[in-house]
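Contents: one structure, followed by commentary.
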Amino acid sequence: MSKHSHAFQAEVAQLLHLVTHSLYSNPEIFLRELISNASDACDKLRFEAIADPALYGDQPGLEVRIGTDKGARTVTVTDTGIGMSEAEAIAHLGTIAKSGTREFMGKLSGDQKSDAQLIGQFGVGFYSGFIVADRITVESRRAGLPPEQGVRWSSTGAGEFEVEPLTREARGTSVTLHLREDALEFADPWRLKELVGKYSDHIALPIKMEGETWEEGKEEGQPGQMVKTGEWETVNQATALWTRPKKDITDEQYTQFYEQLAHDWQPPLTWSHNRVEGSTEYTQLLYVPSHAPMDLWDRDKARGVKLYVRRVFIMDDAEQLLPRYLRFVKGVVDSADLPLNVSRELLQESRDVKAIREGNTRRVLGLLEELAKADAPAAAPETAADVTDVTDKNAPATLAEDKYATFWREFGAVLKEGLGEDLTHRERIAKLLRYASTTTDSVSVSLADYKARMKEGQKAIYYITADSLAAARNSPQIEVFRKKGLEVLLMSDRVDEWALSYLQEFDGTPLQSVAKGAVDLGDLQDEAEKKAAEEAAESVKPLLEQLKQALKDEVEDVRVTTRLVDSPACLVVKDAGMSLQLARMLKQAGQKLPDTKPVLEINAEHPLVKKLDGHPRFDDLAHVLYDQALLAEGGLPEDPAAYVRRVNALLV
Ligand code: ADP
Ligand code: MG
């Protein structure tokens with residue numbers, strides 16, 4: 001069998017170009033990536049060998065070796081993991097399988113500085129080797145295949161790679177980097193050792209390097225030099241961080257572990273590390289990141305908790321370990337009770353897993369409550385106390401002031417999904433909600449804050465949903481609330497309306513959309529106002545009939561309202577109806593909806609409305625009134641040209 005050339009998939013070529021052009025300022029990350037791949041490969045072998053112990057052959061050890069050759073200018077990272085067959089080498093080192101990566105490529109702007117920042121958050125994997133190498137050779141043999149079925153893969157990182165068969169006694173993979181002229185520092189064992197300590201200390205595998213010793217020059221005047229001793233020493237901690245007692249772990253170590261785990265180089269906001277002993281025993285180490293990953297909105301994809309059973313890696317992204325609405329959490333769960341050969345199907349059934357999921361959920365909500373408390377001492381939530389925390393105090397020592405605000409900005413919209421998804425914890429979630437409102441500019445008002453500020457006689461928590469915050473803030477529906485100094489929560493996340501349909505009340509006070517149903521300010525209106533409103537309503541009665549007639553295709557009803565102050569009209573939906581904005585969104589998404597019409601409410605005291613009566617262009621004016629109300633809440637006139645024509649006719 002001979003050598004074959006293959007072209008890289010287009011995305012790989014693009015990624016390679018980017019890697020070598022934007023990451024040269026931080027070349028050292030290549031080692032972290034190669035070690036992480038080696039560790040993944042060992043995890044995979046350990047996992048496959050549960051079902052097929054013969055895969056170990058006569059080489060039971062799992063380890064990583066980093067070798068250097070100054071003369072040849074190479075670094076080689078060797079593992080005894082699962083290895084790759086020829087087909088796997090072609091597929092895994094020539095194409096990008098992960099949808100996240102492809103999505104990531106789509107986000108690149110072409111601007112090197114911002115792209116470098118993006119890529120820094122992302123982790124570039126195997127191809128980072130090309131930052132320091134002008135040629136990479138991979139030699140590998142898959143566990144279980146005979147020695148003759150090894151493979152050699154090699155590439156200069158420019159467009160294509162070559163693959164040829166190889167006889168290789170050892171199972172696993174060696175990646176050899178032929179270092180560039182400007183990257184020769186990485187042939188120095190001391191430099192590499194430093195990098196292992198920095199990035200890969202907690203990899204739960206021994207990472208070994210060959211010892212060196214100083215040898216004097218053999219003859220007088222000849223310089224001495226470092227020579228290899230032939231002994232391989234372990235240079236990392238090689239224990240899983242979460243198994244160590246909390247008191248022995250520094251914040252810095254927790255943060256480093258997070259970086260490796262999440263491939264996120266920005267420190268997490270907070271974390272919690274506990275050994276839980278209850279109906280089932282497990283260790284949890286859960287982190288709340290400080291920024292949202294690219295695939296946060298992919299509800300099926302992003303899940304960040306790794307499952308281990310008695311320190312054996314079982315699977316990534318174990319979706320049973322946390323509910324979907326907490327999918328931003330990263331971490332590790334190590335169970336003492338689950339069987340090693342647990343499958344995803346089995347996880348769904350397992351009572352142990354249900355207990356772990358519940359424990360994780362409470363722990364994360366507790367973490368968020370702590371952050372919220374640190375940000376705003378006024379809103380003090382209670383914490384669940386039924387998880388045994390066998391170690392001492394958890395959570396990092398310092399909680400900066402605005403951590404909860406950061407959390408909310410990045411993940412608040414995801415947490416809101418919990419209102420609909422998690423009945424058990426709905427009240428706890430409700431306390432964590434934050435909104436913008438008519439009285440503040442920041443998205444920081446909790447429902448409890450709102451309640452504390454409610455006016456005497458006010459019976460509901462008022463809110464409005466719109467396409468954007470600006471649209472909510474300026475919407476005509478809230479005019480009277482403003483005038484009366486009643487706070488209205490402003491919502492513009494896509495999930496808001498759906499989520500709030502699950503939260504009818506907070507702490508005994510109903511939540512009420514100001515864009516649904518008629519306004520009833522009840523006790524908040526004084527007698528004189530009520531009387532004026534009734535009189536106005538009486539006076540425009542004939543007008544209402546005329547409007548109903550003119551707009552019978554557009555609206556279900558026309559009525560007088562007291563909610564408007566400056567605007568002539570607005571659209572509202574019936575009490576239990578879907579907001580116009582949600583209906584629009586669903587229609588755009590291709591959903592068929594029953595044709596429900598809104599209600600047009602008019603401001604009987606507005607000059608424009610007063611002008612309507614007996615106006616020669618009554619029909620045009622009526623339609624303009626309707627179209628403007630539609631525009632004001634974010635919709636578009638059905639027939640924009642007709643709208644323009646009518647307005648122009650009136651202007652002339
Ligand atoms: P990721 O590790 O995120 O999947 P990488 O670019 O680091 O992405 O690696 C690409 C793929 O190449 C891996 O998913 C794996 O299938 C394969 N691979 C890389 N290094 C090794 C290795 N040392 N042993 C076995 N397979 C490997
Ligand atoms: Mg990798």
Side-chain angles (χ1 to χ4, degrees), residues 6 8-9 11-16 18-20 23 29-49 55 59 62-67 75-105 119 121-131 133 136-145 149-155 157 161 163 166 168 170-177 199-200 203 205 207 259-265 293-295 301-302 304 306 313 315-317 330:
H6 299 260
F8 283 117
Q9 184 193 27
E11 278 98 340
V12 175
Q14 201 186 344
L15 181 64
L16 271 167
L18 184 77
V19 164
T20 44
L23 287 181
I29 59 158
F30 80 91
L31 191 66
R32 170 190 85 200
E33 297 294 339
L34 295 188
I35 291 175
S36 140
N37 285 351
S39 161
D40 290 349
C42 291
D43 281 342
K44 276 181 209 155
L45 175 60
R46 196 161 15 200
F47 182 59
E48 284 190 20
L55 285 179
Q59 303 165 330
L62 290 176
E63 59 174 39
V64 181
R65 290 185 177 207
I66 305 173
V75 191
T76 301
V77 177
T78 302
D79 65 68
T80 54
I82 191 76
M84 284 176 273
S85 66
E86 182 170 326
E88 285 168 332
I90 293 170
H92 297 157
L93 305 180
T95 58
I96 294 176
K98 286 178 297 185
S99 64
T101 312
R102 263 187 262 120
E103 209 170 292
F104 164 75
M105 301 301 301
I119 212 169
Q121 292 176 18
F122 183 75
V124 284
F126 173 77
Y127 303 107
S128 63
F130 285 107
I131 308 168
I136 300 181
T137 315
V138 179
E139 297 189 350
S140 190
R141 176 174 60 86
R142 202 184 198 286
L145 291 181
Q149 290 190 33
V151 57
R152 179 187 284 120
W153 177 103
S154 94
S155 175
F161 59 89
V163 167
L166 167 80
R168 181 180 159 93
R171 166 195 79 225
T173 306
S174 290
V175 179
T176 299
L177 307 183
Y199 293 116
S200 312
I203 291 285
L205 274 179
I207 298 171
E259 290 176 350
Q260 290 169 16
L261 178 86
H263 281 274
D264 176 7
W265 322 116
M294 238 88 60
D295 50 1
K301 254 284 161 65
K306 285 182 197 261
F313 170 78
M315 67 181 79
D316 271 324
D317 311 337
K330 304 281 181 196

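All ligand and atom numbering here is 1-based and tracks the order in the structure.
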Check: Which one holds for D79 and ligand 1: side chain close, backbone close, both close, or neither close, with close meaning a heavy atom under 4.0 Å?
Finding: side chain
Checklist line | N/O/S from S36 sitting under 2.8 Å away from the Mg ion (ligand 2) | finding: no
Check: Between F126 and ligand 1, is there a nitrogen or oxygen pair with a distance under 3.5 Å?
Finding: yes
Check: Excluding sequence neighbours, so at least two apart, what forms side chain to side chain contact (heavy atoms under 4.5 Å, CB included) with E88?
Finding: M84, S85, H92, R142
Next item on the list: Report yes or no: does S140 contribute a side-chain atom to a donor-acceptor pair with the main-chain N or O of G172 at less than 3.5 Å?
Entry: yes
Item checked: Pairwise side-chain contact, L55 with E48, heavy-atom cut-off 4.5 Å (strictly under) -> yes
Margin query: Checking the N or O distance criterion of under 3.5 Å, is ligand 1 in contact with Y127?
Written below: no
Next item on the list: Pull out every atom of ligand 1 sitting under 4.0 Å from any heavy atom of L93, numbered as shown with elements.
Entry: 12 (O)
Checklist line | Flag, side chain of R152 to backbone of L166, donor-acceptor distance under 3.5 Å | finding: no
Item checked: side chain to side chain donor-acceptor pair (under 3.5 Å) against S174, all qualifying residues, sequence neighbours excluded -> T78, R168
Next item on the list: Say whether, by atom type as modelled, one donor and one acceptor occur between the side chain of E63 and the main chain of T80 under 3.5 angstrom.
Entry: no
Check: Side chain or backbone of M84 under 4.0 Å from ligand 1, or both, or neither, by non-hydrogen atoms?
Finding: side chain
Next item on the list: May I ask you to check if ligand 1 and E33 share an N or O to N or O distance below 3.5 Å?
Entry: no
Next item on the list: Report, in ascending order of atom number, the atoms of ligand 1 lying under 4.0 Å from any heavy atom of G125.
Entry: 5 (P), 6 (O), 7 (O)
